[in-house]
There are 2 protein chains.
Amino acid sequence: MAATRDQIMKAAIQHLNESPAASMAQLAEAVGISRATLHRHFSSRDDLMLALAHRAHDQWEDLQTSSGMVAATASQDRAALERALKALLEGLIEVADEYGFGLTDDRLATHPELKRRADELEEREVVFYAAAQRAGLLRADLPARWISNTVFGLLVAVRESLRNGDVARRDVARLLLDTFLHGAAPEKERA
Amino acid sequence: MAATRDQIMKAAIQHLNESPAASMAQLAEAVGISRATLHRHFSSRDDLMLALAHRAHDQWEDLQTSSGMVAATASQDRAALERALKALLEGLIEVADEYGFGLTDDRLATHPELKRRADELEEREVVFYAAAQRAGLLRADLPARWISNTVFGLLVAVRESLRNGDVARRDVARLLLDTFLHGAAPEKERA
DNA sequence: AGCATGTGAGACGAAATTGTCTCAAACAAT
DNA sequence: ATTGTTTGAGACAATTTCGTCTCACATGCT
């Protein structure tokens, strides 16, 4: 069974999303290669996880640019910020869904190198949210870091919803955006 | 070092919140007892985790009653539902904070017996949210299960915020309630 | 003092996982 | 066809964790 490094990583991610604690042997089987071959591509389990996390972080970083988040933060333009916010959240859903296991894996979250990178990326988003607050796009009475953590939490909610089959995949983006921006109370309500 | 079963569990929970993958040896050390004694109280690691989860579920279930959630669901009374919603969310913060590691521990989430109990408790909340929707307290255009998952996600956000020190403990309840009900957009805004 | 109970330290084997290695078979390229 | 590369199967030692067990010691009670 031949497999490129890329195919291995994709299959590994897919399996880790179902069994976050899978062993190297289980991952090799899921990929369809032998344990020896898996070790030829990734010298250790840490190596593999590092590579997967690095890939996820790359996609995340690319999204921050492609969504216009970076540019909008710099421009402080309200319309640009609004477009970027929507694109960012929609993109985050995809990344978070693909690398879902990473959302709640403690070993990844506490890995020094990975934590540094994640903190750095998250910090950019905090700055972006702060800019959105100044533009009147997001409430100014909420800490920007809380907003950032809220988005993270809602991504976890999306993952849960999809895993349980509670909502259809095509609906999650709308639900996330809507809930994040307007909350769960009716518009006229003041609770 | 003498310790009651209760003290052991409390100390174990505390340590697991910092090191979710802690071994029995590490837990024993954190509790301040020997590994042998820990095994005298809990025959296996599974046994300990089961006991901890059971305790968490009990508190959760108690909260569903003490918050008035159960009664309000049955009564369909709008004011009662509103009071219950507030009390439930505030109580969930405490439970989720105390047993934070359980929010994202895959081994607990997939344990058949625990999953059954958690699903059962969550189902009650879904019914409650549905009642709140009928009473006009929550938006009717959101799936009740999505609302339930949203609350779960926001609890994860709370845990993250407290771990990182992003927000003060006394503020989290207000932030959670406020964000959950009204979202992150300014009231006049329509994004 | 004498006795019973609980505890800590540590040894022990069992099991799982990891990373390395060897060797034979399959494969690709020339 | 031959050569060089890659792969799979499996053996291997090292490590970790777990659950059990023994034994000495302390603590409390009568």
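Proteins get letters first, then strands, A, B, ... in listed order; numbering begins at 1 in each.
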Would you kindly give the CG-to-C1' distance between A:L38 and D:dT6, to the nearest whole Å?
15 Å
Base of C:dG10 paired with side chain of B:R35 (donor-acceptor, under 3.5 Å)
no
Interatomic distance where NE2 belongs to A:H41 and P belongs to D:dT5 [whole Å]:
16 Å
Distance check, rounded to the nearest 0.5 Å: A:S67 atom OG versus A:D62 atom CG?
10.5 Å
What's the verdict on side chain to side chain donor-acceptor pair (under 3.5 Å) for A:W60 and A:E122, showing C-alpha distance, side-chain angles and the deciding distance?
CA-CA 10 Å; A:W60 186 5; A:E122 199 172 330; over 6 Å; no
Nucleotide D:dT6, atom P - distance to NE2 of A:H39 in whole Å:
18 Å
From C-beta outward on B:S34, which listed nucleotide comes closest to its side chain: D:dG8, C:dT20, C:dG8?
C:dG8
A:A36 or A:A21, whichever maps to the more 5' nucleotide of DNA chain C
A:A21
B:R40 CZ - D:dT22 C1' separation (whole Å)
11 Å
Rounded to whole angstrom units, what separation is found between the CG atom of B:L27 and the P atom of D:dC18?
8 Å
Which side chain to side chain donor-acceptor pair (under 3.5 Å) pairs, counting each pair once, include a residue from residues 152-162 of chain B, with sequence neighbours left out?
A:N149-B:S161
Test of understanding: clusters of I, L, V, M, F, W, Y form through side-chain heavy atoms closer than 4.5 Å, transitively. Do A:V126 and B:V156 belong to the same one?
no
Among D:dG19, C:dT20, C:dT7, which nucleotide has an atom closest to any side-chain atom of B:M24?
D:dG19
Rounded distance in Å - CD (A:Q26) to P (C:dT17):
6 Å
Begin from the C-alpha positions of B:D6 and B:R55 and carry the test salt bridge (Lys or Arg N to Asp or Glu O under 4.0 Å) through to its verdict.
CA-CA 10 Å; B:D6 221 68; B:R55 188 198 199 77; 3.1 Å; yes
A:I33 atom CD1 is separated from C:dC27 atom C1', nearest whole Å, by 17 Å
Shortest non-hydrogen contact between A:R5 and A:A51, atoms and distance
NH2-CB, 4.0 Å
Under 4.0 Å: is that the gap between some side-chain N or O of A:T37 and OP1 or OP2 of D:dT7?
no
Using whole Å, what does the distance between atom P of nucleotide C:dT7 and atom CZ of B:R5 come to?
13 Å
Here the residues of residues 43-53 of chain A within 4.0 Å heavy-atom distance, strictly under, of DNA chain C are A:S43, A:S44, A:R45
What's the shortest heavy-atom distance between B:F101 and B:L16, and which atoms?
CB-O, 3.5 Å
